[in-house]
Amino acid sequence: MDFTMYTHEGQSFCQKDMENWYVEKTTDKAAHFLQQGVIGKLKPSFVSCDFAKGESLLSFPTQDWQKNPHEVIHGGVLSTCFHTAFYMLCGYYARPQTLAMAQLSVSFLQPVFMGDTMLFHGKIKSFDESLVYAEAELLLESTGKVAATAAAMLQRGSAPQHK
């Protein structure tokens, strides 16, 4: 994707704005994003982004509560990290609209052990008025190896209403 000249609903977007948005979402403890259930527990951190390419890199620490009985990070936690990384990357460009995950496919290639840091490198592949398609890799900081890959389809629109 090339977002070099991207505008949406009168908003201008740029590299510096994207960096500031990510920093705010991942460091401000008062941010609504970090107060919501599991996302705050995952402790996402902003590493880098490339506005023009529609890419981002987030890190997540491994934590004891994430382990499965085999002493590796549970696949459901990895899927949730992918979900969060996709939501943040695609959500930046969709503002002020919200997104809903319509499909998430994860392939687990090798275990993630305690003590490592997980790096999620996401890329938007297609972005239109109703759907966003993206791909991501989970890289292990210790080795640089790919531990998992994912593909996602997100629906653009309004947030679900609670009853």
Side-chain angles (χ1 to χ4, degrees), residues 1-4 6 13-27 31 33-34 36-68 70-95 98-128 130-156:
M1 288 292 314
D2 180 5
F3 288 100
T4 307
Y6 184 70
F13 295 75
C14 66
Q15 178 68 31
K16 189 64 177 167
D17 178 63
M18 186 178 191
E19 291 170 0
N20 290 339
W21 185 85
Y22 264 101
V23 168
E24 176 186 310
K25 296 290 184 193
T26 58
T27 60
F33 187 78
L34 292 178
Q36 300 304 306
V38 72
I39 296 171
K41 286 187 76 165
L42 291 172
K43 301 181 182 176
S45 295
F46 171 68
V47 177
S48 66
C49 61
D50 188 320
F51 167 77
K53 291 181 180 179
E55 297 183 15
S56 70
L57 184 65
L58 291 177
S59 70
F60 294 80
T62 54
Q63 303 171 66
D64 274 343
W65 68 267
Q66 300 169 332
K67 292 187 301 189
N68 68 17
H70 303 288
E71 298 292 314
V72 297
I73 304 304
H74 191 283
V77 171
L78 301 180
S79 296
T80 304
C81 291
F82 273 118
H83 186 283
T84 301
F86 283 130
Y87 181 79
M88 289 186 73
L89 173 60
C90 301
Y92 170 78
Y93 293 96
R95 297 178 303 157
T98 59
L99 298 168
M101 185 65 71
Q103 183 177 357
L104 176 63
S105 175
V106 179
S107 296
F108 303 103
L109 307 175
Q110 69 177 55
V112 177
F113 295 98
M114 285 299 301
D116 213 337
T117 298
M118 303 176 285
L119 301 170
F120 288 79
H121 180 211
K123 303 174 188 179
I124 295 176
K125 302 308 265 182
S126 173
F127 192 94
D128 64 34
S130 60
L131 295 174
V132 182
Y133 295 93
E135 296 175 351
E137 292 180 326
L138 160 52
L139 304 157
L140 301 176
E141 187 176 64
S142 63
T143 64
K145 291 184 179 179
V146 176
T149 60
M153 178 176 66
L154 297 98
Q155 175 94 32
R156 292 176 67 180

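Starting from 1, each residue takes its place in the sequence as its number.
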**Q** Would you say Leu58 and Leu119 make side-chain contact, with heavy atoms under 4.5 Å?
**A** no
**Q** Between NZ of Lys25 and OG1 of Thr84, what distance do you get to the nearest 0.5 Å?
**A** 13.0 Å
**Q** Please tabulate, one pair per line, all N/O donor-acceptor pairs under 3.5 Å involving side-chain atoms of residues 45-52, not counting sequence neighbours.
**A**
unit_1, atom_1, unit_2, atom_2, d
Asp50, OD1, Ala52, N, 3.2
Asp50, OD1, Lys53, N, 3.1

**Q** Could you walk me through whether Asp17 and Tyr92 pass the side-chain contact (heavy atoms from CB on, under 4.5 Å) check?
**A** CA-CA 10 Å; Asp17 178 63; Tyr92 170 78; 2.6 Å; yes
**Q** Check Gln66 against Pro61 and note the closest heavy-atom contact, atom names and distance.
**A** OE1-O, 3.4 Å
**Q** Looking at side-chain heavy atoms only, is the closest gap between Glu71 and Met114 below 4.5 Å?
**A** no
**Q** Quick one: closest heavy-atom pair of Cys90 and Val132, and the distance?
**A** SG-CG1, 3.5 Å
**Q** Output the distance between atom OG (Ser59) and atom CE (Met118), rounded to the nearest 0.5 Å.
**A** 9.0 Å
**Q** Within this structure, what is the CZ-CG distance for the pair Phe127 and Leu89, rounded to the nearest 0.5 Å?
**A** 9.5 Å
**Q** Between Val106 and Leu78, is any pair of side-chain heavy atoms under 4.5 Å apart?
**A** no
**Q** What closest approach, in Å, do Met101 and Phe86 show between heavy atoms, and which atom pair accounts for it?
**A** CE-CB, 4.0 Å
**Q** More than 12 foreign heavy atoms under 6.0 Å from NE2 of His74: is that the case here?
**A** no
**Q** Any heavy-atom pair between the side chains of Leu131 and Gln103 that's under 4.5 Å?
**A** no
**Q** So, applying side-chain hydrogen bond (donor to acceptor under 3.5 Å, both in side chains) with His121, which one of Glu135, Glu137, Glu55 is it?
**A** Glu55
**Q** Flag the pair Val112 / Leu140 as yes when at least one side-chain heavy-atom distance between them is below 4.5 Å, and no otherwise.
**A** yes
**Q** What do the steps show when you test Asp64 against Lys67 for side-chain contact (heavy atoms from CB on, under 4.5 Å), and what is the final call?
**A** CA-CA 6 Å; Asp64 274 343; Lys67 292 187 301 189; 3.6 Å; yes
**Q** Which atoms form the tightest heavy-atom contact between Phe82 and Thr149, and what is the distance?
**A** CZ-C, 3.9 Å
**Q** Taking all non-hydrogen atoms of both residues, which atom of Ala150 and which atom of Leu104 are closest, and how far apart?
**A** CB-CD1, 4.3 Å
**Q** Within the 4.5 Å heavy-atom criterion, are Arg156 and Leu99 side-chain neighbours or not?
**A** yes
**Q** Applying side-chain contact (heavy atoms from CB on, under 4.5 Å), run through Thr117 and Phe60 and close with a yes or a no.
**A** CA-CA 6 Å; Thr117 298; Phe60 294 80; over 6 Å; no
**Q** Do Gln63 and Lys43 come within less than 4.5 Å of each other through their side chains, counting heavy atoms only?
**A** yes
**Q** As an exercise, state the distance from OG of Ser56 to NZ of Lys123, rounded to the nearest 0.5 Å.
**A** 11.0 Å
**Q** Check whether any side-chain heavy atom of Ile124 lies under 4.5 Å from a side-chain heavy atom of Tyr93, and answer yes or no.
**A** yes
**Q** Strictly by modelled atom types, are Thr62 and Asp116 linked by a side-chain donor-acceptor pair under 3.5 Å?
**A** no
**Q** In sequence, state the C-alpha distance, the side-chain angles, and the governing distance for Lys145 and Leu139, and then conclude on side-chain contact (heavy atoms from CB on, under 4.5 Å).
**A** CA-CA 5 Å; Lys145 291 184 179 179; Leu139 304 157; over 6 Å; no
